[in-house]
Amino acid sequence: MSTGFELFTDRNVVAMRVNGELRDLAATTTTTDTVEPVTLDSPDGLSILRHSAAHVTAQAVQSINPEAKLGIGPPITDGFYYDFDVVEPFTPEDLKGIEKAMDRIIRQGQRFVRRVVTEDEARAELADEPYKLELIGLKGHVGHGDGSTDDNEDVEVGGAELTIYENVDGKTGEVYWKDLCRGPHLPNTRMIGNGWALVRNAAAYWRGSEKNKQLQRIYGTAWATKDELREYQERQAEALKRDHRKLGQELDLFSFPDEIGSGLAVFHPKGGVVRAEIENYMRERLIANGYEQVYSPHITKGDLFMTSGHLQWYKEGMFPPMHLDEEKDDEGNITRQGVDYYLKPMNCPFHNLIFDARGRSYRELPLRLAEFGTVYRYEKSGTLSGLTRVRGMTQDDAHIYVTPEQVKGEIASQLEFVLETLRGYGLDDFYLELSTKDADNPKFLGDEKLWADATETLREVATESGLELVDDPGGAAFYGPKISVQARDAIGRTWQLSTVQLDFNQPERFKLQYTAADGTHQQPVMIHRALLGSIERFFAILLEHYAGAFPVWLSPVQVVGIPVAEAYDDYLRDVIGQLKAKGVRAELDDSSDRMAKKIRTQTKNKVPFQLIAGEEDKANGSVSFRFRDGHQENGIPIADAIARITDSIATHAQV
RNA sequence: GCCUCCUUAGCUCAGUGGUAGAGCACCGCUCUUGUAAAGCGAAGGUCAUCGGUUCAAAUCCGAUAGGGGGCUCCA
């Protein structure tokens with residue numbers, strides 16, 4: 001029998017795994033146990049650190065406001081949070097005070113002490129903590145088919161036995177504070193060190209349901225060292241600098257005029273260039289890969305969405321109808337029945353009608369219909385965010401109709417097409433996510449066997465791609481499972497981009513058919529495929545990925561000519577003219593600014609090529625390049641300069 | 001939708017009860033020959049909107065709209 005303190009003398013060890021279970025260092029082990037050390041900087045160690053920091057936050061809050069009732073306080077990515085029921089929400093000043101109190105607790109070096117309690121003991125000790133009592137009650141039902149506690153709540157109540165963690169004085173053993181908790185914890189608050197900070201406060205529903213009361217949540221971050229905290233804060237600052245809303249304003253790309261309404265963007269001329277390039281490239285790729293382009297209107301009679309099922313399942317996500325064509329007599333009696341028209345939230349029903357416009361042969365399949373279809377969704381106001389979550393957006397939407405035998409091959413080639421196209425935009429770090437149905441959720445429609453087969457097919461294709469595959473249980477659409485491509489951007493954030501989704505439901509609802517080789521009528525399988533997601537969102541992702549410094553082909557202005565003095569305007573104007581003739585977006589900066597000011601301005605505009613010329617270059621028939629990072633290449637002959645620029649556009653190069 | 005914070009000139013922001021300010025951008029003039037800001041001047045705001053308190057409101061209170069951060073949602 002020995003404790004972790006005896007087994008591990010390395011001070012970086014903060015907990016241990018005993019037979020696979022995380023335990024406090026204070027726990028006792030026997031010689032037959034398998035015991036592994038958990039270091040502070042390991043993923044487990046960081047979670048424990050963050051969880052302990054959450055406890056200290058709660059202790060600090062209750063030391064300031066004893067009336068605050070405790071919710072839950074789990075570790076999360078990069079940090080932790082703790083929820084409180086308080087009469088007055090926390091203010092930024094409150095957070096400063098809480099940080100001070102936390103600092104005192106941390107410096108004091110209080111020990112975390114684990115104590116096993118019976119349910120009755122726990123209820124007695126936590127009589128003033130209604131939320132904790134609720135969790136104890138829930139735990140009582142786990143194993144009786146409830147199973148409703150999620151991972152975060154599990155952090156509080158844990159597995160086989162109820163435990164309370166006490167924060168006690170390192171010397172006297174006096175108990176300062178306690179909380180229902182599974183643990184494990186750091187041996188001592190001092191180990192939280194100085195790599196932590198409170199980040200913000202926000203409201204959050206108790207147990208994640210909007211039917212419940214909103215609690216006040218305090219978010220914090222915690223790291224093994226102060227340096228790692230600083231790196232984290234720098235990453236946050238970098239993300240802020242790249243924020244597409246900020247860059248969109250600075251670079252004059254798009255805006256959201258209040259006069260139009262929430263979540264509805266306009267693209268300015270410069271943003272329009274970028275967007276057109278994004279779309280043009282996509283179009284080229286579609287045509288080269290056997291797609292046919294179709295168009296459909298923005299509104300439709302409601303019946304179409306009854307057929308598709310959208311009005312039954314997603315009506316709250318749609319803009320309310322326009323009621324048209326109703327006529328009444330003088331007494332107000334309806335003499336002609338009106339019709340409801342809806343803005344479309346999805347394009348698929350229209351494409352189904354195109355499929356169904358005439359008899360289809362198996363020889364036509366796979367039939368790939370593609371459209372940049374603008375859709376409107378009545379997103380809740382609180383969910384809107386820049387271009388990434390809007391109420392009006394254009395999907396690069398495609399629906400592919402295949403025979404059941406073609407499903408696997410088509411999905412495999414779709415996946416390849418998707419990845420290749422994304423690489424063309426400069427994204428090349430991907431992993432896949434397989435979204436499947438929950439066993440018992442009634443939201444998911446259709447035959448179990450179909451789901452199982454479809455899921456298996458997707459899994460095979462995903463596995464064969466060789467990319468990392470992550471499971472997303474319960475993430476499927478109501479009509480079928482999907483593979484989504486997640487892309488990592490330049491600073492390591494991941495974005496869900498393309499989705500390839502199987503649908504057996506809509507072909508059934510629309511009674512879609514094709515004539516098979518044997519003359520029988522068969523139902524096609526439908527594949528939904530969005531490559532960029534929405535063009536607005538993809539625009540935002542690229543903008544953040546490149547931090548506004550687009551590769552040349554996407555840059556709104558590709559070349560700016562900067563004469564050393566006015567006398568060289570004409571010389572450079574001629575070079576710019578030659579570039580324009582080749583389709584390059586080139587301009588001459590003939591404003592009255594000094595050269596250095598022009599360089600500053602165009603660098604801030606993130607123009608990829610600045611062409612500078614004065615007497616020296618003019619005499620040699622050359623120009624000098626200056627790039628966004630400030631480096632220069634002087635005296636390049638004009639013809640070479642033009643070739644270099646046009647090549648960089650053709651190859652989608654970054655400069 | 002819910003909680004919370006915010007909204008002053010085109011942009012970034014000062015201005016905590018006595019009816020508005022700076023820098024940059026825009027416009028005009030003068031100047032300007034080699035790699036990130038030339039000088040001078042003019043113009044620009046019923047302080048998001050509406051209502052209330054007050055002798056007096058950008059400032060205090062309320063509502064509405066828009067935005068940020070979260071929660072919930074995301075076909």
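Here is the naming used below: chain letters follow the sequence lines, and residue numbers restart at 1 for every chain.
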Polar pairs (N or O, both sides) under 3.5 Å between protein and nucleotides 23-29 of chain B?
residue	atom	partner	partner atom	Å
B:A25	OP1	A:Lys597	NZ	2.5

If I pick the [atom1] atom on [M] and the same atom on [N], what distance separates them, to the nearest angstrom?
N: B:C60; M: B:G15; atom1: P; answer: 12 Å
N: B:U7; M: B:A48; atom1: C1'; answer: 6 Å
N: B:A22; M: B:C31; atom1: P; answer: 28 Å
N: B:C50; M: B:C3; atom1: P; answer: 25 Å
N: B:U16; M: B:G21; atom1: P; answer: 14 Å
N: B:U4; M: B:A75; atom1: P; answer: 29 Å
N: B:G52; M: B:A25; atom1: P; answer: 43 Å
N: B:C47; M: B:C5; atom1: P; answer: 23 Å

*Less than 3.5 Å between a donor and an acceptor, one on the side chain of A:Arg594 and one on the base of B:A36, is that the case here?*
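It does not, because no donor-acceptor pair links the side chain of A:Arg594 to the base of B:A36 below 3.5 Å.
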
Value in whole Å for how far the [atom2] atom of [N] lies from [atom1] of [X]:
X: A:Glu615; N: B:G34; atom1: CD; atom2: C1'; value: 11 Å
X: A:Glu88; N: B:C5; atom1: CD; atom2: C1'; value: 15 Å
X: A:Lys241; N: B:U12; atom1: NZ; atom2: P; value: 18 Å
X: A:Tyr568; N: B:U35; atom1: OH; atom2: C1'; value: 15 Å
X: A:Asn605; N: B:A37; atom1: CG; atom2: C1'; value: 14 Å
X: A:Leu611; N: B:U35; atom1: CG; atom2: C1'; value: 13 Å
X: A:Lys598; N: B:A38; atom1: NZ; atom2: P; value: 11 Å
X: A:Tyr571; N: B:U33; atom1: OH; atom2: C1'; value: 15 Å

*With sequence neighbours excluded, what pairs up with A:Asp396 under the side-chain hydrogen bond (donor to acceptor under 3.5 Å, both in side chains) test?*
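Partners of A:Asp396 under the side-chain hydrogen bond (donor to acceptor under 3.5 Å, both in side chains) test: A:Arg529.
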
*First locate atom CG of A:Leu311, then atom CD of A:Glu316, and finally report the distance between them rounded to the nearest 0.5 Å.*
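Atom-to-atom, A:Leu311:CG and A:Glu316:CD are 10.5 Å apart.
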
*Any chance the rings of A:His310 and A:Tyr342 have centres within less than 6.0 Å?*
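Ring centres of A:Tyr342 and A:His310 not closer than 6.0 Å.
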
Look through every strand shown and name the nucleotide pairing with [N] as Watson-Crick or G-U wobble, where both distances are under 3.5 Å.
N: B:A20; answer: none
N: B:C50; answer: B:G62
N: B:C29; answer: B:G39

*Going by heavy atoms in the side chains, are A:Ser555 and A:Lys606 under 4.5 Å from each other?*
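Not touching, per the 4.5 Å side-chain cut-off.
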
*Which residue, A:Leu215 or A:Ala596, contacts RNA chain B at a nucleotide closer to its 5' end, judged by nearest heavy atom?*
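The residue closer to the strand's 5' end, by nearest nucleotide, is A:Leu215.
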
*asked:* Heavy atoms only, 4.0 Å cut-off, all strands: where does A:Glu566 land among base, sugar-phosphate and nothing?
replied: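 Base contact.
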
*With a non-hydrogen cut-off below 4.0 angstrom, is A:Thr91 in contact with a base, only sugar-phosphate, or nothing?*
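Nothing, no heavy atom under 4.0 Å.
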
_Heavy-atom closest pair, residues A:Gly392 and A:Glu536_ =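 That closest heavy-atom pairing would be O-OE2, 4.2 Å.
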
*Which nucleotides of nucleotides 61-75 of chain B have their base under 4.0 Å from a protein heavy atom (B), which only their sugar-phosphate (S), and which neither (-), written as one string 5' to 3'?*
-----SSSBBBBBBB

Might you list the N or O atoms of the protein lying below 3.5 Å from N or O atoms in nucleotides 46-50 of chain B, with each pair's distance?
none

*Check step by step if side-chain hydrogen bond (donor to acceptor under 3.5 Å, both in side chains) holds for A:Tyr546 and A:Gln654.*
CA-CA 10 Å; A:Tyr546 290 118; A:Gln654 178 63 293; 5.7 Å; no

*B:A37, B:G34, B:U35: which one has an atom nearest the side-chain heavy atoms of A:Val564?*
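Looking only at side-chain atoms, A:Val564 lies closest to B:G34.
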
_I'd like to check the ring-ring contact (aromatic ring centres under 6.0 Å, His included) partners of A:Trp451; sequence neighbours left out, ordered by chain and number._
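Once residues adjacent in sequence are excluded, the partners of A:Trp451 under the ring-ring contact (aromatic ring centres under 6.0 Å, His included) criterion are A:Phe444.
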
*Residues in ring-ring contact (aromatic ring centres under 6.0 Å, His included) with A:Phe627, at least two apart?*
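Checked A:Phe627 against ring-ring contact (aromatic ring centres under 6.0 Å, His included); matches are A:Phe609, A:Phe625, A:His631.
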
Are [X] and [Y] ion-paired here, with the side-chain N under 4.0 Å from a carboxylate O?
X: A:Arg242; Y: A:Asp489; value: no
X: A:Asp243; Y: A:Arg245; value: yes
X: A:Lys246; Y: A:Glu544; value: no
X: A:Glu238; Y: A:Lys241; value: yes

*asked:* With a 4.0 Å cutoff (strictly under), does any side-chain N or O of A:Arg626 reach OP1 or OP2 of B:A36?
replied: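 Yes, such a contact exists.
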
*For the pair A:Phe90 and A:Phe84, name the ring-plane relationship: parallel under 30°, tilted 30 to 60°, perpendicular over 60°.*
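Geometry flag for A:Phe84 against A:Phe90: perpendicular rings.
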
*Dump the intermediate steps for salt bridge (charged side-chain N to carboxylate O under 4.0 Å, His left out) on A:Arg600 and A:Asp593, then the final yes or no.*
CA-CA 10 Å; A:Arg600 175 183 155 85; A:Asp593 286 333; over 6 Å; no

